[in-house]
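First comes the structure, then the notes that go with it.
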Amino acid sequence: MAYSNAAAAAVFDEIADLLEVQGGNAFRVRAYRNAARTLAGLGRSAKEMIAAGEDLDDLPGIGKDLAGKIAEIVATGSCVQLDALRKELPEGITELLRLPGIGPRRVQALRGALGVQCLADLQAAAEQGRIRGVRGFSRDAERRILDAIIALLKTQRRVPLATAAPMAAALLAELQTVAGVQQAAVAGSLRRRRDTVGDIDLLVSAGRGSPVMERFAGGNGVQRVLAKGSTRASIVLQGGVQVDLRVVPQASFGAALLYFTGSKPHNIALRRLAQEAGLKLNEYGLFQGAHRVAGDTEESVYRALGLPWIDPELREDSGELDAARADRLPHLVRLQELRGDLHVHTSDSDGRDSLRVMAEAAAARGLSYIAVTDHSRRLAIAHGLDAGRLARQIDLIDAMNEQLSGITLLKGVEVDILKDGKLDLPGAILQRLDLVVGAVHERFDLPADQQTARLLRAMDHPYFSILAHPAARLLGEREPCAFDLERVLRHARERGCFMELNGQPTRLDLDDHACRMARDIGVLVSIASDAHGLLEFGHLDWGVGQARRGWLEARHVLNTRPLEEVRRLLDATMGRSEAAVTS
DNA sequence: GCCGTTTTCGGCCCGACTGTTTTCAGTCG
């Protein structure tokens with residue numbers, strides 16, 4: 001198994017889980033989790049850093065010990081400490097932590113008293129009425145555990161951002177109509193635009209006596225109320241998505257929004273900053289003693305800490321505080337800066353709408369160009385185009401460009417990258433296109449070195465412009481392919497081709513970390529809708545969210561450029577230099 | 001396990017909610 005930062009991060013996360021169940025020092029557990037986060041968000045491969053003689057213990061949260069463990073993982077692919085922990089603890093014990101209300105202490109209690117080793121053991125113990133006999137567990141607790149196990153087994157865990165966002169918007173609109181509610185906002189990972197969200201976090205400010213909690217917990221579509229106090233409540237919606245609501249006074253709204261937006265590591269880092277300045281930050285404000293010095297808006301809190309306001313997408317404690325202090329925060333790309341979309345399907349392959357309908361829908365959204373990129377012949381299930389059908393589509397597009405105004409259609413294809421890295425259509429037809437978008441649609445399971453070689457070879461084809469959805473992941477369905485992203489990005493830069501950030505809600509691929517690596521290495525990213533119907537140009541917005549999480553500015557994005565410039569850049573990938581085009 | 005314009009030891013963010021161990025520990029975000 002080839003080394004990846006993600007694999008090393010997974011090792012540290014598992015060690016943290018196991019130490020936690022074992023009742024280990026909570027700060028030691030956190031140290032492993034921090035290191036996992038550092039690795040996952042690292043712009044470069046730790047393996048290459050070691051090879052270059054760099055000290056890993058210069059990285060935040062990584063000291064001598066963990067640097068040594070990373071070196072061990074790089075060298076051997078495993079970690080002695082993890083192997084030892086796995087031997088000491090039963091496989092499956094950490095899944096008990098996924099049950100609400102069950103933490104490390106209760107897992108230990110259940111294991112000690114009943115010998116529970118996994119979810120199935122616990123379920124059996126609950127069904128047999130043995131849990132109520134354990135100290136600290138009542139008959140009610142036993143029933144709750146059983147309910148939680150059943151709920152866990154049938155609900156999906158995280159939902160795509162695009163699924164949660166409209167649910168949150170609907171709830172927010174309802175809360176805004178409740179008497180006494182002054183301000184309401186979405187917070188949490190949804191506001192930070194993570195690709196998936198575990199629950200929906202909502203915040204409102206309201207005067208005393210507002211019935212907002214009652215309305216929230218008693219609303220339509222509420223399946224279960226998990227908790228309900230005067231300032232905080234949690235419900236589960238029909239369909240299994242959890243929603244948390246927090247109510248604060250108006251004067252605390254900004255501090256609460258900051259706190260409730262997270263991420264947790266960002267909050268911890270901010271609170272530490274406050275501490276160092278002799279202040280205390282909590283969800284009610286920034287305090288000097290009992291005096292509130294800031295808190296009505298997020299800006300006021302950041303400003304009082306000597307910082308500019310930070311975009312929510314950046315709040316992951318991955319360098320944004322340093323950047324803010326140095327006044328070097330990125331000017332993140334915005335949806336309205338996209339001028340075109342370089343991955344669009346029509347009913348010629350598996351799209352639902354015709355060429356003309358797609359063109360008009362794109363124009364109506366304010367785009368000035370789109371690339372028509374239907375599938376190639378290999379993808380028979382998508383009615384992929386062979387050379388003959390593609391040639392006819394090319395002629396059709398030429399003719400249609402004569403008629404259209406305000407939008408230009410670029411001639412492209414989403415060509416399959418075959419197992420050996422060859423492309424699924426002959427060069428003679430690819431040569432006639434404005435751009436070639438290559439994608440993997442099969443054999444996702446190749447070993448990392450073969451998958452990497454496959455992608456590199458595809459990019460070396462004389463006509464290759466953009467690598468589409470490079471990891472080929474499907475959120476909740478298919479893990480990303482194993483390949484050496486850094487090598488692929490470096491090759492793309494040398495070859496002069498581009499990487500796609502696919503905006504389909506279950507793809508979002510490149511992911512945020514990969515975007516940041518592309519930015520660092522200097523490869524332009526094409527944010528694409530991969531629209532298969534006229535309504536799907538909206539997917540561009542999900543792509544923009546991930547791009548922003550990846551610190552991308554307009555200058556890092558291919559399709560923020562005007563048509564003439566994009567043409568020049570694409571021509572170069574197709575072996576047509578500027579001189580050749582004009583001659 | 002990490003970290004350090006007080007430091008190589010002794011800290012490590014802070015508060016709400018729940019259940020139950022009737023004064024607080026465990027869990028969560």
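Lettering follows sequence order; numbering is per chain, from 1.
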CZ/A/Arg292: more than 12 non-hydrogen atoms of other groups inside 6.0 Å: yes
Would you kindly check whether a donor in the side chain of A/Tyr259 faces an acceptor in the base of B/dG29, or vice versa, at under 3.5 angstrom? yes
Write down the distance separating the C1' atoms in B/dT8 and B/dC2, rounded off to the nearest Å. 12 Å
Check this for me, if you would: do A/Arg193 and A/Asp541 make a salt bridge, where the nitrogen-to-carboxylate-oxygen distance has to be below 4.0 angstrom? yes
Is any side-chain nitrogen or oxygen of A/Lys280 closer than 4.0 Å to OP1 or OP2 of B/dG15? yes
For B/dT8, which nucleotide is its Watson-Crick or G-U wobble mate, given both distances must be under 3.5 Å? none
B/dA16, B/dT18, B/dG29: which one has an atom nearest the side-chain heavy atoms of A/Thr231? B/dA16
Between CG of A/Leu226 and C1' of B/dA16 the distance, given in whole Å, is 15 Å
Just checking, any donor-acceptor pair under 3.5 angstrom between side chains of A/Ser263 and A/Arg194? no
On a whole-Å scale, what distance lies between the C1' atoms belonging to B/dG26 and B/dT21? 11 Å
Whether A/Gln108 contacts B/dG26 is assessed here as follows: a side-chain N or O lying under 4.0 Å from the phosphate OP1 or OP2. Is that the case? no
Would you mind reading off the distance between A/Gln275 atom CD and B/dC14 atom P, rounded to a whole angstrom? 5 Å
Between A/Arg272 and B/dC13, is there a contact of a side-chain N or O with OP1 or OP2 at under 4.0 Å? yes
Salt bridge check, A/Glu20 against A/Arg33: does any charged N sit closer than 4.0 Å to a carboxylate O? yes
Could you give the distance separating B/dC13 and B/dT20 at their P atoms, to the nearest angstrom? 30 Å
Taking C-beta and beyond as the side chain, do A/Leu99 and A/Arg106 meet within less than 4.5 Å on heavy atoms? no
With heavy atoms under 4.0 Å as the rule, sort A/Arg33 into base, sugar-phosphate or nothing. nothing
Just call it for A/Ser263: base, sugar-phosphate, or nothing, with non-hydrogen atoms closer than 4.0 Å on any strand. nothing
When you measure from the side-chain N and O atoms of A/Arg30 to the phosphate of B/dC13, is any distance below 4.0 Å, counting only OP1 and OP2? yes
Regarding A/Gly63, tell me which of base, sugar-phosphate or nothing describes its non-hydrogen contacts under 4.0 Å with the strands shown. sugar-phosphate
Between atom CZ in A/Arg98 and atom P in B/dC28, what is the gap in whole Å? 13 Å
At less than 4.0 Å, is any side-chain N or O atom of A/Arg135 found next to OP1 or OP2 of B/dT20? Yes or no. no
So, is A/Lys69 close to the B/dG1 phosphate, meaning a side-chain N or O under 4.0 Å from OP1 or OP2? yes
Any base atoms under 4.0 Å from A/Ile102, or only sugar-phosphate, or nothing? Heavy atoms, all strands. sugar-phosphate
Does a side-chain N or O from A/Arg105 land closer than 4.0 Å to OP1 or OP2 of B/dG26, or not? yes
Phosphate oxygens OP1/OP2 of B/dA16: is one of them under 4.0 Å from a side-chain N or O of A/Arg232? no
Indicate whether OP1 or OP2 belonging to B/dG15 is found under 4.0 Å from a side-chain N or O atom of A/Asn282. yes
Distance, C1' atom - from B/dT23 to B/dG19, rounded to whole angstrom: 13 Å
For the P atoms, the ones on B/dG11 and on B/dA16, what distance do you get once it is rounded to whole angstrom? 24 Å
Given side chains that start at C-beta, do those of A/Leu474 and A/Arg507 come closer than 4.5 Å, heavy atoms only? yes
